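Let me begin by presenting the structure, written as structure tokens, before commenting on it.
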Amino acid sequence: MPDSQSVFAKALLDPSAPVPEGLLRPDGAPAARRFDIYRNNVVASLVDALADSFGVTHAIVGRAFFRAMAGEFVRAHPPRTPCVVDYGDCFPDFIEAFEPAGRLPYLGDVARLEVARRRSFHAADDDTADPGCLAGLDEETLLETRMNFRASTAIVRSSHPLWSIWRHNTTDDTSPVTARPEDVLVSRPADSVLLHSLPPGSADFLENLARGDPLGEAAHRCNGVDLAASLTVILDARAVREIVPPRTEFGTAQVCG
């Protein structure tokens, strides 16, 4: 039999659930009205938290649609930790399965980018590699060099023009939206989270690097990715924590980080 706390918690997020037994007003009468007010406030507070975390998603669909969608999410996925700032990590998946949002197939990816931005902002501080370390490397050594990314770095993949959609909903840029899929790099060079458009094929290349492939092998597995353009993006974004040259006959080259 469920305990009273679990019954109370379940009833908070289910408007059709009866008021838990034993909830009484000071005069001993059932506290149904007070519980309904409390229940509404809890859901509204969680919806407000989602609206704060998913501001661009909110702007795209409008207040009424967002609050209705978020209310459904809150009731189906209550918080599992007391830290509200972490709430909503699975909201993008919910959006993709939410039938009324089907007319906006890119909306889940927009929300996914907002989750990545939030995680990047709260990620642990770590060092940034000095890109000057690459300047003295010959081509063979460069291609055998590995890179480790900072904790605040993330790649958001999309089958939609995610970068263009984001730009059109967060800036005054009115340039045409591309028809091709766009991937986005998330980084936190200092105190602010920045987004960067990735050239075609770069996301595969960066994911290969993140798995530990050296530069040459990571690029070779991506069918002609522009190595120079990809490196420029991640180094300018200060997304790299360590640059690790290969071992030589004299030992291991100095790690830059």
Side-chain angles (χ1 to χ4, degrees), residues 44-61 63 66-67 69-70 73-74 77-96 101 104 106-131 147-158 160-173 182-199 202-203 205-207 209-211 230-243 257:
S45 295
L46 292 173
V47 169
D48 287 342
L50 290 173
D52 289 339
S53 296
F54 296 90
V56 179
T57 304
H58 182 283
I60 289 173
V61 300
R63 184 179 188 275
F66 184 90
R67 296 192 73 83
M69 178 172 65
F73 173 80
V74 166
H77 301 277
R80 298 187 179 277
T81 71
C83 187
V84 178
V85 73
D86 295 330
Y87 184 52
D89 282 4
C90 60
F91 193 37
D93 293 337
F94 177 87
I95 291 173
E96 288 185 340
L104 301 174
Y106 57 82
L107 193 64
D109 285 345
V110 172
R112 199 162 283 115
L113 185 52
E114 298 200 79
V115 170
R117 289 176 72 244
R118 182 177 63 192
R119 288 177 176 172
S120 179
F121 181 79
H122 292 286
D125 293 324
D126 49 18
D127 295 327
T128 305
D130 178 7
M147 292 185 173
N148 297 319
F149 292 104
R150 301 180 68 197
S152 54
T153 301
I155 301 164
V156 180
R157 310 290 302 265
S158 180
H160 306 284
L162 179 59
W163 170 252
S164 298
I165 292 167
W166 183 271
R167 189 182 69 237
H168 274 254
N169 285 280
T170 58
T171 72
D172 295 329
D173 191 341
E182 293 177 316
D183 304 316
V184 180
L185 175 71
V186 182
S187 73
R188 196 192 70 210
D191 296 328
S192 300
V193 176
L194 302 180
L195 305 182
H196 317 265
S197 177
L198 286 174
S202 289
F205 168 68
L206 299 184
E207 288 178 350
L209 286 181
R211 285 193 292 266
S230 298
L231 287 179
T232 297
V233 171
I234 61 174
L235 293 175
D236 286 350
R238 301 183 67 188
V240 179
R241 176 172 55 86
E242 289 181 330
I243 297 173

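Every value quoted in this text rests on a predicted model; they were computed, and no experiment measured them.
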Quiz item: About how many Å separate CG of D126 and CZ of R241, when rounded to the nearest 0.5 Å?
Solution: 6.5 Å
Practice problem: Take V186 and I155, measure what side chain to side chain contact (heavy atoms under 4.5 Å, CB included) needs, and give me the verdict at the end. | Solution: CA-CA 6 Å; V186 182; I155 301 164; over 6 Å; no
Quiz item: Can you find a pair of side-chain heavy atoms, one from W163 and one from L198, that are under 4.5 Å apart?
Solution: no
Quiz item: Would you say the side chains of S164 and E182 form a donor-acceptor pair under 3.5 Å?
Solution: yes
Quiz item: Do side-chain atoms of S120 reach the backbone of S152 as a donor and acceptor pair under 3.5 angstrom?
Solution: yes
Self-check item: Where A70 and L50 come nearest, the two heavy atoms and their spacing
Solution: CB-CD1, 3.8 Å
Quiz prompt | From T153 atom OG1 to N148 atom CG, the distance as rounded to the nearest 0.5 Å | solution = 11.0 Å
Exercise. Salt-bridge test for R119 and D89: reply yes if a basic N is under 4.0 Å from a carboxylate O, no otherwise.
Key: yes
Exercise. State, to 0.1 Å, how close S187 and H196 come at their nearest heavy-atom pair, and which atoms those are.
Key: OG-NE2, 2.8 Å
Self-check item: Distance in Å, L206 CG paired with M147 CE, rounded so as to fall on 0.5 Å steps
Solution: 9.5 Å
Quiz item: Which atoms form the tightest heavy-atom contact between G108 and P92, and what is the distance?
Solution: O-CB, 3.5 Å
Quiz item: Between atom OG of S53 and atom CZ of R118, what is the distance when rounded to the nearest 0.5 Å?
Solution: 4.5 Å
Quiz item: Should T128 and V240 count as side-chain neighbours, where that means a heavy-atom distance under 4.5 Å?
Solution: no
Quiz item: Salt-bridged, E96 to R112, with N to O below 4.0 Å?
Solution: yes
Quiz item: Does some side-chain heavy atom of T57 sit less than 4.5 Å from a side-chain heavy atom of I95?
Solution: yes
Exercise. Look at D125 together with R188 and state whether they make a salt bridge at an N to O cut-off of under 4.0 Å.
Key: yes
Practice problem: Start with the C-alpha gap between R80 and D86, add the side-chain angles, then the distance that decides, and say whether salt bridge (Lys or Arg N to Asp or Glu O under 4.0 Å) holds. | Solution: CA-CA 9 Å; R80 298 187 179 277; D86 295 330; over 6 Å; no
Quiz item: For the residue pair F73 and H77, is the inter-centroid distance of their aromatic rings smaller than 6.0 Å?
Solution: yes
Practice problem: Nearest 0.5 Å please: distance from the CZ atom of R117 over to the CH2 atom of W166. | Solution: 4.5 Å
Quiz item: Does any non-hydrogen side-chain atom of F121 lie less than 4.5 Å from one of D191?
Solution: no
Quiz item: Which of parallel (below 30°), tilted (30 to 60°) and perpendicular (above 60°) describes F66 and H58?
Solution: tilted
Practice problem: Over all heavy atoms of both residues, which pair between P199 and V233 is shortest? Give the atoms and the distance, please. | Solution: CD-CG2, 4.0 Å
Quiz item: When rounded to the nearest 0.5 angstrom, what distance separates CZ in F149 from CG in L185?
Solution: 8.0 Å
Quiz item: Salt bridge or not for R157 and D109, using N-O below 4.0 Å?
Solution: no
Exercise. State, with a plain yes or no, whether a side-chain heavy atom of V184 is found less than 4.5 Å away from one of S197.
Key: no
Quiz item: Which heavy-atom pair separates M69 from A101 by the least distance, and what is that distance?
Solution: SD-CB, 4.4 Å
Quiz item: Can you find a pair of side-chain heavy atoms, one from D183 and one from L162, that are under 4.5 Å apart?
Solution: no
Exercise. Considering non-hydrogen atoms only, spot the tightest contact between P189 and R238 and give its length.
Key: O-NH1, 3.7 Å
